[in-house]
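In the text below, chain A, chain B and the rest are named by the order of the sequence lines, each starting its count at 1.
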Number of protein chains: 2
Amino acid sequence: MPAVDTPQPSPRCGEDAADAPAPRLDTRFLESLIGYNARRAALAIIGHVLQRLAPFGLRVVDFSVLTVIAHNPGITSRQVCAALDILPPNLVGLVRALERRGWVEKRGHPTDRRAQGLYVTPQGAEVQAQAQAQVGALETSDVTHLDAGERATLIRLLRKIYLGPDA
Amino acid sequence: MPAVDTPQPSPRCGEDAADAPAPRLDTRFLESLIGYNARRAALAIIGHVLQRLAPFGLRVVDFSVLTVIAHNPGITSRQVCAALDILPPNLVGLVRALERRGWVEKRGHPTDRRAQGLYVTPQGAEVQAQAQAQVGALETSDVTHLDAGERATLIRLLRKIYLGPDA
DNA sequence: TATTGTTATACTCTATAACTATA
DNA sequence: TATAGTTATAGAGTATAACAATA
């Protein structure tokens, strides 16, 4: 096996002699893995989402929680946790922050006095709608480098992975 | 908008009256996002990888570092960091742990006395090879729910996302 | 002056134990 | 007894500042 970083004393001498010999690394195995590629793609996309949400002062989790509440009025904390794979103790602060900003409010649950229903306020609904529009626009923008057909195929295959063939 | 979790007093009365009314949540928007699906798929796959690596006492990061070193003898710490997107201070402990287990060793760099070349020991190479075989076998196993063609398509689309059209 | 490897440290994210009030 | 929401806290993961040795 050839050692790396020993800058290959003149590599065929005449194509990459700028000033850094660019010692290409062998990462072929990792690049052949679904998990590796899915993770890198997810981080890339989420980076873009992050930028689009920044003007609203929202992180990805905040947006996810706000969105699930907006689309499911009266949802309970436990249900939000189950839907987004968040542990109950970690949701408390998230919801509290959204409450403090006047975007979410709790109302007593009609039948279970232990639980509380979560609702977006009119302001919360407005912010969520605008944020959702931004994030939605990102999907079809060219930063994904995908056309509509590729996007549909990709999502179908990704869902197959985590939901099984019966998706 | 309909409230959720108000258990829909008899939902058409006769198809889901087991004992839990199964209050389906609306998560359609999130499920339409590439980032959401890529992240969930990555977490699902990585969960499986985790199990396959556990017998070796390796986490995913450990395996990644060990693999990059095994495939690139003499690679420097900075290069490992760049390849795997790890910050230098955080790599120190990872490499030290691999050294303590006798799987990786440092040798002085031939031309730069600041740097050190990283190498796998014979035992390290053996462990890496076995772990790689396990992880590789996982890719083509049926836990991914994908056939060879789907897998190739998926990886191509994922790479397009984080590398651009010129992948 | 810039870079390699390193220490120390802070910050965020995630996970566990345990409490209360209801069911 | 079990569950919803909560507190406090522990642990993992990730980030910044700064230093010694070398380029």
Checklist outcome for this item: Here the distance between atom C1' of D:dG13 and atom CZ of B:Arg59, to the nearest Å, is 9 Å
Next on the checklist: Check for me, please, whether A:Val61 and A:Ile69 land in the same ILVMFWY cluster - side-chain distances under 4.5 Å, paths through other members count.
Outcome noted: yes
Checklist outcome for this item: note: A:Gln79, atom CD; D:dT3, atom C1'; distance rounded to Å ~ 13 Å
For residues 157-167 of chain A, please give each side-chain donor-acceptor pair under 3.5 Å, one per line with the distance, not counting sequence neighbours.
| from | atom 1 | to | atom 2 | distance (Å) |
| --- | --- | --- | --- | --- |
| A:Lys160 | NZ | B:Glu150 | OE2 | 2.5 |
| A:Tyr162 | OH | B:Asn37 | OD1 | 2.6 |

Checklist entry - Does D:dT6 have OP1 or OP2 sitting under 4.0 Å from an N or O in the side chain of A:Lys106? => result yes
Checklist entry - Of all residues at least two apart in sequence or in a different chain, which pass the side chain to side chain contact (heavy atoms under 4.5 Å, CB included) check with A:Pro88? => result A:Arg78, A:Cys81
Next on the checklist: Nearest heavy atom decides the nucleotide; on that basis, is A:Val95 or B:Val61 closer to the 5' end of DNA chain D?
Outcome noted: A:Val95
Checklist entry - What integer distance in Å separates A:Leu91:CG from D:dA4:P? => result 13 Å
Checklist entry - Any side-chain N or O of A:Arg113 under 4.0 Å from OP1/OP2 of D:dG5? => result no
Next on the checklist: Run the side-chain contact (heavy atoms from CB on, under 4.5 Å) test on A:Val104 and A:Val65 for me, step by step, so that the C-alpha distance in whole Å, both residues' side-chain angles and the decisive distance to 0.1 Å come before the verdict.
Outcome noted: CA-CA 10 Å; A:Val104 162; A:Val65 171; over 6 Å; no
Next on the checklist: My understanding is that only residues two or more places apart in sequence, or in another chain, count here; which of them pass side-chain hydrogen bond (donor to acceptor under 3.5 Å, both in side chains) with A:Ser141?
Outcome noted: none
Next on the checklist: Heavy atoms within less than 4.0 Å of DNA chain D: which residues of residues 40-56 of chain A have one? Give them sorted by number.
Outcome noted: none
Item to check | Integer-rounded Å distance: D:dT14 P and B:Leu84 CG | outcome: 12 Å
Next on the checklist: Show me the pairs that pass salt bridge (Lys or Arg N to Asp or Glu O under 4.0 Å) and involve residues 87-101 of chain A, at least two apart or across chains.
Outcome noted: A:Glu99-A:Lys106
Next on the checklist: Suppose we screen for side-chain hydrogen bond (donor to acceptor under 3.5 Å, both in side chains). Which residues come up paired with B:Arg156, at least two apart in sequence or across chains?
Outcome noted: none
Item to check | By side-chain hydrogen bond (donor to acceptor under 3.5 Å, both in side chains) - contacts of B:Gln51 (at least two apart) | outcome: none
Item to check | Atom pair distance, as rounded to whole Å: CD1 in A:Ile75 and C1' in D:dA4 | outcome: 14 Å
Item to check | Covered region of DNA chain C, 5' end to 3' end, by chain A [heavy atoms, under 4.0 Å] | outcome: C:dC13 to C:dA23
Next on the checklist: Mind checking if A:Arg78 touches a base, just sugar-phosphate, or nothing, with heavy atoms under 4.0 Å?
Outcome noted: base
Checklist entry - Which pairs pass side-chain hydrogen bond (donor to acceptor under 3.5 Å, both in side chains) with one or both residues in residues 61-70 of chain B, sequence neighbours excluded? => result B:Arg59-B:Asp62, B:Thr67-B:Gln128
Checklist entry - More 5' along DNA chain C: B:Pro88 or B:Arg114, using each one's nearest nucleotide? => result B:Arg114
Item to check | With sequence neighbours excluded, residues passing side-chain hydrogen bond (donor to acceptor under 3.5 Å, both in side chains) with B:Arg40 | outcome: B:Tyr36
Tabulate protein N/O versus nucleotide N/O from nucleotides 16-20 of chain D, keeping only pairs under 3.5 Å, one per line.
none

Item to check | With B:Leu50 via side chain to side chain contact (heavy atoms under 4.5 Å, CB included) - residues at least two apart | outcome: B:Val60
